[in-house]
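Report on the following structure.
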Amino acid sequence: MNKKYENQILRIIKKGIKERVFSVDSTFTDAQRVLKNNYENHLYMTECVNLFWMFEEKYNRIPSQSEYVEAYKYYSFENLKNKSWYDDDKDKEFITKCIEWRADRAYKSNLIELMTVKQLELLGYQVFRHKYIDVIMGVDLVVVKDNKCWYVHVTKNTDYSRNKVFEKGSYTSKTIDKKNFRFHRDFTGHVKFLYSCDESKNNTVKNGLPLFKNDYVLSKLDDKHSFDFNDEYNQLRRLSRSVIRQTIEFVSTDNKMVVNETSY
């Protein structure tokens, strides 16, 4: 991981983050419950899915929580404009809270992923983290050591989040950055790093940010869940050559390993 990112992460950890907890309770009306469900489960927003990557690619830095949340609000309201189930005059105050909650969770998740990258590097692993690995392959991190690799999903340890991982496992083919990827996801044998927002057997918590325990990470990266990194059919190599007549290059976060293969 480059020093600029490391320093930014350290500053964020030191400052801490906030997560606005906004769960369904008895004060919600039936209409509010429906509205919240529509926003969270029936409004796919490409701009928000790629928002953290956008800051990294466009500005070469990690966004602060406040600017990330503000951008998330902007794109959310842009996508809500023409939805028949949303009334800006009546629903804006309530939906703003829903957006803040969703954005807080997404921001926190991205930070945990970045902290895990650095942790894995310190433990002697090389890591691939890339927008296409995330969006196309559906994997957060590809971890490599001694010619073995693991496909890692970093997610919250709740039934909803764990199930959400598997729901994304059947997607096939997708267009992004004007590239048509011919790639079929397969999560068989993948590894899940599960964190809790409170202290747990898997992680500690520092200023609101869960940090995985080293022994937990090492126990998850076992031989049972490893793949041959040199196999031409491993998922990262397949992804690299999944765009016809183009080479998609992936560089490890320590800049010491490169995967670049061409499809003809």
Side-chain angles (χ1 to χ4, degrees), residues 5 8-9 11-12 15-114 129-136 138 140 153-156 158 160-161 163-165 167-168 171 174-179 181 197 207-210:
Y5 274 27
Q8 287 179 301
I9 291 171
R11 287 197 297 270
I12 292 170
K15 181 181 179 182
I17 65 167
K18 59 182 177 181
E19 183 176 3
R20 283 155 278 220
V21 179
F22 191 58
S23 300
V24 174
D25 61 34
S26 58
T27 65
F28 287 9
T29 65
D30 289 342
Q32 286 174 329
R33 288 189 180 90
V34 170
L35 181 63
K36 183 172 181 288
N37 180 65
N38 281 338
Y39 172 71
E40 292 196 338
N41 299 309
H42 302 286
L43 185 65
Y44 183 81
M45 300 173 289
T46 302
E47 303 92 343
C48 290
V49 170
N50 297 326
L51 186 56
F52 206 91
W53 291 112
M54 183 274 288
F55 275 98
E56 291 189 50
E57 293 175 345
K58 188 174 182 178
Y59 304 111
N60 191 30
R61 65 178 178 83
I62 300 169
S64 68
Q65 183 173 7
S66 59
E67 63 186 348
Y68 181 86
V69 171
E70 286 306 308
Y72 211 101
K73 286 181 185 177
Y74 171 79
Y75 289 118
S76 291
F77 281 116
E78 284 294 301
N79 279 273
L80 283 166
K81 276 182 179 178
N82 299 314
K83 298 301 177 185
S84 60
W85 45 263
Y86 175 71
D87 184 328
D88 195 61
D89 293 330
K90 177 168 61 75
D91 300 326
K92 188 170 185 177
E93 181 179 355
F94 180 81
I95 208 70
T96 297
K97 294 178 181 177
C98 296
I99 295 169
E100 288 174 345
W101 183 54
R102 186 173 177 177
D104 284 347
R105 285 182 297 160
Y107 183 74
K108 184 176 185 176
S109 176
N110 279 287
L111 288 182
I112 294 168
E113 184 182 305
L114 282 171
R129 174 183 174 270
H130 192 281
K131 179 171 71 175
Y132 298 154
I133 294 174
D134 178 19
V135 179
I136 307 298
D140 294 317
H153 303 264
V154 180
T155 192
K156 195 172 182 180
T158 63
Y160 176 84
S161 297
N163 291 336
K164 202 73 173 174
V165 169
E167 284 178 15
K168 298 185 297 182
Y171 295 175
K174 196 179 184 76
T175 300
I176 184 172
D177 296 339
K178 298 181 180 180
K179 297 179 178 67
F181 286 84
C197 293
N207 294 333
L209 284 167

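These numbers were taken from a predicted model, which means no experiment stands behind them.
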Ring pair (Phe, Tyr, Trp, His ring centres under 6.0 Å) involving Y44 - partner list, sequence neighbours excluded: none
Where H153 and G138 come nearest, the two heavy atoms and their spacing: CE1-O, 3.1 Å
Check: L35 and W85 side chains under 4.5 Å, non-hydrogen atoms: yes
Gap between atom OG of S64 and atom CD1 of I17 - 0.5 Å precision: 12.0 Å
K179 atom NZ: more than 12 heavy-atom contacts under 6.0 Å: yes
Least distance between heavy atoms, D89 atom then D87 atom: N-OD1, 3.0 Å
Side-chain heavy atoms of F77 within contact of T96, under 4.5 Å: yes
Verdict with supporting geometry, K15 and N207, side-chain contact (heavy atoms from CB on, under 4.5 Å): CA-CA 7 Å; K15 181 181 179 182; N207 294 333; over 6 Å; no
Spacing of CG belonging to D88 relative to CD1 belonging to I95, to within rounding of 0.5 Å: 10.5 Å
Contact check, side chains of L51 and Y68, non-hydrogen atoms, under 4.5 Å: yes
Check: Y107 side chain, P63 main-chain N or O, donor-acceptor pair, under 3.5 Å: yes
Heavy-atom side-chain contact between Q32 and K97 under 4.5 Å: no
M45 backbone acceptor or donor facing N79 side chain under 3.5 Å: no
Under 3.5 Å: donor-acceptor pair, side chain of S109, backbone of R105: no
Whether over 12 other heavy atoms sit under 6.0 Å from N41 CG: yes
Atom pair SG/NZ of C48 and K73 - distance to nearest 0.5 Å: 12.5 Å
Sidechain N-carboxylate O distance under 4.0 Å for R33, D30: yes
Gap separating the CG atom of D140 from the CG atom of N110, nearest 0.5 angstrom: 8.5 Å
Verdict with reasoning, Y86 to N38, per side chain to side chain donor-acceptor pair (under 3.5 Å): CA-CA 9 Å; Y86 175 71; N38 281 338; over 6 Å; no
Side chains of L114 and Q8 in contact at under 4.5 Å (non-hydrogen atoms): no
Greater than 12 external heavy atoms within 6.0 Å of F181's CZ: yes
Heavy-atom side-chain proximity of K156 to C197 below 4.5 angstrom: yes
Value rounded to 0.5 Å, distance of CG in N50 from CD1 in I176: 4.5 Å
side-chain contact (heavy atoms from CB on, under 4.5 Å) evaluation trace for L111 with I62: CA-CA 9 Å; L111 288 182; I62 300 169; 4.1 Å; yes
Backbone of E113 reached by a side-chain donor or acceptor of R129 within 3.5 Å: no
Rounded distance [0.5 Å steps], OH in Y39 versus CD1 in I99: 4.5 Å
Worked verdict on Y59 versus E67 for side-chain contact (heavy atoms from CB on, under 4.5 Å): CA-CA 13 Å; Y59 304 111; E67 63 186 348; over 6 Å; no
Student check: side-chain heavy atoms of E56 and Y5 closer than 4.5 Å: yes
Exercise: identify the closest heavy-atom pair between E100 and V69: CG-CG1, 4.3 Å
Y74 and E47: side chain donor to acceptor below 3.5 Å: no
